Amino acid sequence: MCKKFILCFFLFFVFIQFDSLAQCAMCRTTVESTISNGRSNIATGLNTGILYLLSAPYLLVGAIAFLWFRQSKKEQQERIAKFRIRQKVSQILGQ
């Protein structure tokens, strides 16, 4: 029952189509009209905004990757310390 629901839910979102506003075309025409009038401040602001919005997902993924790397490094050091303790104990008991 649950698998059928998940499948139907997935198929619903795959096959449904949403009409979206043509934001990119509107931005393009705005930039073209302001540049043709000699004002480039809107184009500069738009490009800065695009770069700002573009950087946010990369920073988020980078932060998650850094935290994951740091955690795995700690776990690896703990495993190495436990392995060294086992070696010392086996040497002491073996002699």
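None of these values were measured; they are calculated from a predicted model.
Ile80 CD1 to Gln77 CD: the interatomic distance, rounded to the nearest 0.5 Å, is 7.0 Å. Note that CG of Leu54 and CG of Leu59 are 9.5 Å apart. Values are rounded to the nearest 0.5 Å. Between atom CZ of residue Arg84 and atom NZ of residue Lys88 there is a gap of 8.0 Å, rounded to the nearest 0.5 Å. Note that OH of Tyr52 is 12.5 Å distant from OG1 of Thr48, once rounded to the nearest 0.5 Å.
The side chain to side chain contact (heavy atoms under 4.5 Å, CB included) check on Leu67 picks up Arg70, with sequence neighbours excluded.
Residues Arg79 and Phe83 form no side-chain contact, since every pair of their non-hydrogen atoms from C-beta on lies 4.5 Å or further apart.
Grouping the Ile, Leu, Val, Met, Phe, Trp and Tyr side chains by contacts below 4.5 angstrom, directly or via other members, places Leu93 with Ile85.
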